[in-house]
Structure formats: C-alpha cells, structure tokens
Amino acid sequence: MAATNTNVATGVDDRVLATAQQIVKSLNTPKEVREDMLLILSNFDNRLSSIGSMINSDNNSNTENDRLDAAEKVILRWDPNSDVPRPSLNWEDSPDEAAEYLSAVDDILRLVEDLSIGSESTKIVARAENAIQMAMCRLESEFRHILIQSTVPLDADRLYGSIRRVHLSFASHYSEIDDEFESFGEESRNSGRFHERGATIGEDSWVDLIHPDAAVDLSEIADRMIRSGYEKECVQVYSTVRRDALDECLAILGVERLSIEEVQKSDWKFLDEKMKKWIQAVKITVRLILVGEKRLCDQIFSGANESQEICFNETAKGCVMQLLNFGEAVAIGKRSPEKLFRILDMYDALAGVLPHLEAMVSDEFLISEVHGVLSGLGEAATGTFVEFENAILSENSKKAMQNADIHPLIRYVMNYVRLLVDYSKTMNSLLEDEEEQDMPNEKDNDDILQLESTSPLARRLFMLLSSLESNLVEKSKFYEDVSMQFIFLMNNILYIVKKVKDSELAQLLGDNWLRRRSGQIRQYETSYLRASWSKVLSCLKDEGIGGSPSNASKVALKEKFKNFNAGFEEICRVQTAWKVSDTQLRDELIISVSEKVIPAYRSFLGRFRNQLESGRHSGKYIKYTPEDLENSLSDLFEGSLAVSHHLRRKST
C-alpha cells in the first residue's frame, strides 16, 4: 500500500514539473524575467526547485546546436563532396571568406572542447566531429594548393651572378696521364683551361622559397589541422610538396640523378662539369635553400616543435641524399691524377656545409651519411694523390727533348703541385694519419732536419721533387752530348726553382732547399763550360808551338787556329739549336762563355798574329776577330736549327 502511494506521488510530481516547464518555455521571456519566474515558482512549491537546472540544460543544448549549425553551414558550403562543389578558397583576393572558414573551424573545435567536459550530447559531438573531418579534407587540399601555387622558382642566374668566384690557374686536361706527359704545358687563362675553386656565400643568406603572404596562410591552416588531430596529414602534405620543390631546385642547379654506374662510365670532360655543378649545388643548397626551408618550416609550424623538426628532416633528406649519392659515386670511382682538385673541392664544399647541416638537421642517419661520404671523398683525395705520386715515380719515357728544353713532365708536375699547395690545410689534415714514408737519401743533414719538422704535405712534396730531380738526371743521359745534358738539367732545375719561388711552395720547402738547387744550377753551368769549351780553349794555349812567339812554328800555329775555328764553328752550329727558355739564364751562359773564350782568343791572336799574317793565305787561318766571336756567341741557345748568321757570313 505504501509503495502504491509513493508511485502515485512521483507521477504527480513529474506532471507538475512538466507543466511548469511548458509554461515557462511558452512565455518566451527574456533571461532575466525567466529567472525571476523560476524563483517565484520554486518558492511556491518546493517540488519545482529542480526546474531551473532542467531549463538551463535545455537552453544550453539549443545554443550548442545553433553554434554547430552556423559553423556547419560555412563548412558545407566548401565541401568538395557536395552536389555543387565550390573551387578552392581565394586566400589572396577574398581573405574574408578564408577567415570565415577558419573561424567556423575554430568554433567547432571550441564546441567539441566544451562538450567534452561533462557533456552527454553524443549526437552533437558526432555532428561536430563529422564537420571537422569535412573541414580537414578541405584544408588539406587548400594547404597543398597554396604550397604548390606559391612556390618561388629558384633563380639560378641571379644566385650565380651574386656569388664571388675564385679562379686558380691550372692546365686542367681531359685525358689520362700519357706515358710521356706531352699533353701538359703551361697554364693559360686565355685558352679557358683553368681550375675553378668555386664560390663563396656570405653569412646570414637565404632564398625565399614561398611568397611571404602565402606562408602566413599556410601557418593558419597548419595550426587548425594540428589542433584537429590531423598533424600527420599536414606534415605529409608539406614534406611531399616541398621535397619535390627542392628536387626541382637541384635540377635547376644542374644536378642530375645519375647512378653509380653512370658516373663511373662518364668521360672526364662530362664528369668534370658535373663535379663543378655539384660543388656549387652543395653550397647553395645547404647555405641558401635549406636555410630558407628551415625558416619556412619554423614559420608555418610555429609552436609545433615536433612538426617543425619532422617536416624539415623529411623535406631536406631527399635533396641531401641525391647530392650524397653523386659524392659517393665519385669517391669510389677510378682514381686518376686529373680528378684530385675536383675531389678536394668536393671535400671542402661538403666539409664547409657540414656544421650548418648538423645545426639544422636532427636526423642522425642523414648526418651519419654525410660524414660517411665526406670520409670517402677524403680517402679518394689521398688515394688520388698517391696515384699522382706513383705516376711521376714510374714515368720512364726514353724520348729526349730535341733541343734540351724543359720536359713536359716537369711543366706538368710543377703546375700540379703549385695548385696543390692551395689545398695545404685540407691535404695536411688528410695526410697526417698516413703512415710515414722513408726519408729521401739527401747528403745535406739540414734538409733532413727541416723535413722532419715540416707538415705532411711539405714532406710528401719534398720527396716527390727529389724523385723528380733524380728522374731528370736519368733523362739527361739520353743525350749523347755531355754538354747538352747540363743544358737540359739547368733548364729544368731552374724551371722548378722559379715555380717554387713564385708560389707558396717556397714557404713549404724553405730557403735551404732553394739555395741547394740554385747551387746545383751553378755546378751544372761550370760542368757545361768544362765539357763544351775545354777542348776548343786548349787550342789557344802555347803548348806545342815551339818556343816564344817570335820563333813559333807556323805549321803548329796554323794547326792551332784551324782546330780552334773548326771547334768553335761546330759548337756554335750545334748549340744555336739548343734552347734555353729563361732569358736571364741564357744571357748568363753567353756571358760565361764569352768571358772564357774571348779573352783567351784575343790574347792568343795578339801574340801570334804577326807570324801568320806575314805568310800567304793568312785569312784562311785567322778567320775571326774577337768581335766576330762575340757576335756568334750571342746566337747560342736560341733554339733555332739554322747556323749562326755571323758564322755563315764569315764563311762566305
């Protein structure tokens, strides 16, 4: 009976509450009036005390529906799956529409956040989540569209035009070292055959990869996508689009996708061009493009540190790996001396940008790959230098220079090592871990002491030049004429000395090295004078003429003058064809010869002229005056096959 009374009372209470609720709703009064009425009713009957919370809950539900309806309307208007899909939002020309759309997304996100706190309106939550999904589909499309449309193409001409180029002279060639080194001569700027170190890029430089206004819009979209839980999709779109854009930048810079096999099969001229472009591309990509890309990532994903990091790593990885693949192909390729300077340039370029990469990229794998390729290029450089050393040491051509001139091997080696000195810092760091080589067999202990205290590159060049000098001595033996051997040695040693003096080699090898080689040249000069002129000068001695000038044998005098004339003419005929390239050395040699020959001839002629001139046919024996000899000697070492015109005139 008690239970029945309780059920009846509960039913009556429910009907009372329902009736009161309907009355308040039907009045449609302002909030303040409604609150007063609720207060009066609750005081009138305590059963109506809960009606306020019931009506407030219902009103809140209506408000949430209204908010969602308004936001949904905006989002559905741009739904790509609607019956009449609208084109992309015009972010540039109609910023109000874009702002309205983003505001609608913000409203839904706030609504979902509010509902998630104690709300049981699952139906509204479902609608809101569906609206967010539609909005994210649209924003993802907009994000991709803006990224593509607002990309600024790389202006390679402007970049190259603003970069300071540094040229270093060297006779670059496009063939392997041949057996006799005949293809290597003096460097020539006019011929366009020079080694180009590349470019320098100033600090705090970058390029704009996206129009600045578009970057603001992209940041707004990224913010909504990340807050909506679509961070992965946003990062994927960004990385995909920007990775393609950076690949296009490499193409503009002339970097092609070449396999290891294609690189190794390339001829030197083609490969040299690709290596030059790679060097420039590495500097520009890291110091300008990736710096700009990092700034762009930081701007678009501001406040989302993880997204910034992921996006930049994924975007940079593609172009960096493409550059590394070429570097690796070069590093493991065939080693030949002409590649050394390009490999060193590649090494320096990659080593120079490595700190910048490490500061920007957090991908440990990518950084380890860079270190690996850098190490490979370093090994390739040292290995190529060894190939160069071996090529010089094993060079054993038997062909002598026709006129005792400078050997092509010497020209090539000296131009090569002069340029190598410009890479001293890099070469020393690469060679310092190389195992010690044997010291050269030098008689001068000062040289050995100096060698022990010098840098790794200086020691290697010291030994290389010592071997080169030994090679020269062997090559001089190809000349049957001993005098010509000494002219050949003087020509080539002096060429080496001058190349050393005119470069940083002088500082590496030291004054003692230069003094010893200058002393060698003087010794060779003395040996030349002795070998070439001793026999002729012996004709001008008094031995064998039978007493004093007054009673000297005319027969002996005639034989003396006859032998002197024949010997002098033969020497001038032969040695006029010899070549002394250095003007100063040629003048010194002629002076040295003249100082020995002219005074001796003048003295001999003065003592015995009268004895011969008193007889018949004296002109047959006294053919030359001292002045005639001096004029003839001035034609020596011209490198001409013609007989001295002074001798030719006197003979006629």
Side-chain angles (χ1 to χ4, degrees), residues 397-407 409-410 443 468-497 516-544 559-604 624 626 628-644 646-647:
S397 61
K398 305 298 182 182
K399 183 179 179 181
M401 297 298 294
Q402 185 176 11
N403 53 8
D405 199 2
I406 301 165
H407 198 282
L409 170 66
I410 305 303
K443 295 181 180 179
L468 190 64
E469 291 173 288
S470 299
N471 192 316
L472 276 176
V473 173
E474 293 301 314
K475 290 186 183 303
S476 70
K477 297 175 182 178
F478 298 150
Y479 299 101
E480 294 182 3
D481 190 325
V482 177
S483 300
M484 197 174 190
Q485 293 180 12
F486 295 120
I487 294 295
F488 173 78
L489 288 170
M490 277 189 282
N491 272 331
N492 285 273
I493 297 299
L494 179 61
Y495 182 87
I496 293 173
V497 168
R516 292 191 71 247
R517 272 65 193 174
S518 297
Q520 281 183 339
I521 295 172
R522 289 192 295 272
Q523 290 174 7
Y524 290 141
E525 180 181 337
T526 301
S527 298
Y528 157 76
L529 291 172
R530 184 183 301 113
S532 190
W533 294 98
S534 293
K535 184 177 180 180
V536 172
L537 290 173
S538 68
C539 298
L540 302 178
K541 294 181 178 180
D542 293 351
E543 289 86 352
E559 189 65 22
K560 287 272 187 180
F561 275 101
K562 180 182 177 181
N563 289 338
F564 173 82
N565 293 338
F568 183 83
E569 289 169 3
E570 178 62 15
I571 290 175
C572 288
R573 182 188 68 79
V574 171
Q575 296 189 13
T576 297
W578 295 356
K579 180 75 172 178
V580 175
S581 301
D582 185 78
T583 303
Q584 183 177 348
L585 176 61
R586 180 173 180 267
D587 291 343
E588 289 177 358
L589 282 172
I590 291 174
I591 291 172
S592 296
V593 172
S594 298
E595 287 176 346
K596 284 189 172 294
V597 174
I598 304 301
Y601 182 77
R602 180 178 285 113
S603 175
F604 190 80
Y624 305 110
D628 292 332
L629 296 184
E630 188 171 2
N631 289 333
S632 296
L633 291 176
S634 67
D635 293 333
L636 293 178
F637 317 123
E638 283 187 340
S640 172
L641 295 177
V643 179
S644 168
H646 297 102
L647 289 178

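Small disclaimer: the values here were computed from a predicted structure and weren't measured. All values below were derived from every heavy atom in this structure, side-chain atoms included, with hydrogens, water molecules and symmetry-related copies excluded. The first residue of the sequence shown is numbered 1, and numbering continues consecutively from there.
Counting only distance, with no hydrogens or angles, the side chain of D635 and the backbone of C572 share no donor-acceptor pair below 3.5 Å. Within the 3.5 Å criterion, the main-chain N or O of D628 finds a donor-acceptor partner in the side chain of S632. At least one donor-acceptor pair closer than 3.5 Å links the side chain of S634 to the backbone N or O of N631.
Classification of the F488-H407 ring pair by plane angle, with boundaries at 30° and 60°, yields perpendicular. Taking the six-membered ring where the residue is Trp, F561 and Y601 present perpendicular rings, their angle passing 60° and hence far from 30°.
The two residues Q520 and E469 come nearest to each other via the heavy atoms OE1-OE2, 3.4 Å. Nearest heavy-atom pair, V597 versus L540, reported as atom, atom and distance to 0.1 Å: O-CD1, 4.4 Å. C539 and F604 make their closest contact through O-CZ, 3.9 Å (heavy atoms, listed as atom of the first residue, atom of the second, distance). The two residues S483 and Y528 come nearest to each other via the heavy atoms O-CD1, 3.8 Å. Contact between V482 and A531 at its shortest, heavy atoms only, is CG1-CB, 4.2 Å.
Within the 4.5 Å cutoff, the side chain of K475 has heavy atoms near those of the L409 side chain. Side-chain contact between M490 and I487: present, with at least one pair of heavy atoms (C-beta onward) separated by less than 4.5 Å.
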List the steps, then state whether side chain to side chain donor-acceptor pair (under 3.5 Å) holds for S581 with N491.
-> CA-CA 7 Å; S581 301; N491 272 331; 5.2 Å; no
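Using a cutoff of 4.0 Å between basic side-chain nitrogens and carboxylate oxygens, R522 and E525 are not scored as salt-bridged.
Between V593 and the choices I598, L529, I571, L629, the side chain to side chain contact (heavy atoms under 4.5 Å, CB included) rule is met once, by L529.
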